[in-house]
Amino acid sequence: MAERAISTVPGMVLMLLAAALASQLALKALEPRPAAQGADLPQAPPIAVLRLASLGEPIAAANLLSLYLQAFDTQPGVSIPFKDLDYDRVEHWLIRILELDPAGQYPLLMASQIYSQVPHEKKQRQMLDLAYRQFLLDPNQRWRWLAHAAIMAKHRLHDLGLALRYARAINQRAASSEVPNWAKQMHIFVLEDIGEYETAKILLGGLLASGAITDAHEARFLTERLNTLQAVEKSSTMSEK
């Protein structure tokens, strides 16, 4: 069949076609753009399933899961704020990763320095508590994350009681010589912050008398703090009289 030249088409038909095309384009332009929907973080698989799927390479599998979890907030066309994630599921993923690689530190870094930064107190406390419970399983390797949790509890949550609990746990349970003195001494300064000057003075004096502090600069700093505590206690006693 021979094609008809466009010049043979009646002008009225061409006008109707042009109007229909213009209407179609206008309606398309007025349609709202489809909003990208972020998928929910799925439940973490059972550890037995993950170990089987790791094919004998649990550390490599743990690293892949860490990358998956950390990147989950960025999905095609949408960025999910950390505070909108289901933190119970986040916690389960972090625990699974640690179960695959108990010596790994990255999951606790994520808990104490990434997920705990959200402006949501309940979720902050959940991540700090996770760092505390995991510290108890391996104090000498995981003390630094509890030290960070203590600082967070003090300065972000303004919960000195919680900060003292974490700092005392480091002092009492992290016995390795590789744990720095500043971490083991945190509880003394938290006691000072909450006004327990007498207890802080006794602990600080005992620490200096024990000979455990061998660095001259550190010993001088602690001696100055002890002198300050004694001066504060003396001033408090005189004001009461």
Contact check, side chains of Ile151 and Met186, non-hydrogen atoms, under 4.5 Å: yes
In this structure, NZ of Lys122 is separated from OH of Tyr87 (nearest 0.5 Å) by 13.0 Å
Next item on the list: Look at Arg96 together with Glu91 and state whether they make a salt bridge at an N to O cut-off of under 4.0 Å.
Entry: no
- Message: Both conditions, 6.0 Å and 45 degrees, for the charged tip of Arg173 above the ring of Phe135: are they met here?
- Response: no
Heavy-atom closest pair (Ala150 atom, Ala167 atom, distance to 0.1 Å) is CB-N, 4.4 Å
Residue pair Leu136 / Arg142, side-chain heavy-atom distance below 4.5 Å: no
field: Heavy-atom neighbours of Ile114 CD1 exceed 12 at 6.0 Å
entry: yes
- Report yes or no: do Val49 and Leu94 belong to one cluster of Ile/Leu/Val/Met/Phe/Trp/Tyr joined by side chain heavy-atom distances under 4.5 Å? no
| message | For Gln185 and Asn171, which I'm curious about, is there any donor-acceptor pair between the side chains at under 3.5 Å? | response | no
Would you find a donor on one side and an acceptor on the other, under 3.5 Å apart, between the side chain of Asp101 and the backbone of Ala62? no
Would you say Leu67 ends up clustered with Met110 if hydrophobic residues are merged whenever their side chains have heavy atoms under 4.5 Å apart, either directly or through other cluster members? no
- [ ] Taking the side chain as every heavy atom from C-beta outward, state whether Leu191 and Leu164 have any pair of such atoms under 4.5 Å apart.
- [x] yes
Closest heavy-atom pair, Gln124 versus Val118, reported as atoms and distance to 0.1 Å, is NE2-O, 2.8 Å
Mark yes when over 12 heavy atoms from residues, nucleotides or ligands other than Arg168 sit less than 6.0 Å from its CZ; otherwise mark no.
-> no
Transitive ILVMFWY side-chain link Trp182 to Val179, under 4.5 Å: yes
Between Leu41 and Asp86, the two heavy atoms sitting closest are CD2-O, 4.4 Å
To the nearest 0.5 Å, atom CG of Leu98 lies from atom CG of Asp138 at 10.0 Å
Note: Ser66 and Tyr106 closest approach over all heavy atoms is CB-CD2, 3.9 Å
Tightest non-hydrogen contact, residues Pro107 and Ile97, listed as CG-CG2, 3.4 Å
When rounded to the nearest 0.5 Å, the distance separating CD of Gln113 from NE2 of His148 is 4.5 Å
Should the pair Arg125-Asp129 be classified as a salt bridge under the 4.0 Å nitrogen-to-oxygen rule? no
Problem set entry | Side-chain ion pair, Lys154 and Asp159, N-O less than 4.0 Å | no
Taken to the nearest 0.5 Å, the spacing of Leu50 CG from Leu64 CG works out to 11.5 Å
Closest non-hydrogen contact found for Ala153 with Leu128 is N-CD1, 4.1 Å
Rounded to the nearest 0.5 angstrom, the CD-CD distance for Gln134 and Gln141 is 13.5 Å
- Query: For residues Arg156 and Gln117, is any side-chain donor paired with an opposing acceptor at under 3.5 Å?
  - Reply: yes
_Connected via hydrophobic side-chain network under 4.5 Å: Leu130 and Ile47_ = yes
Margin query: If we count only N and O atoms by modelled type, under 3.5 Å, do the side chains of Gln43 and Trp93 hold a donor and an acceptor together?
Written below: no
Rounded to the nearest 0.5 Å, the CH2 atom of Trp145 sits from the CD1 atom of Ile170 at a distance of 12.0 Å
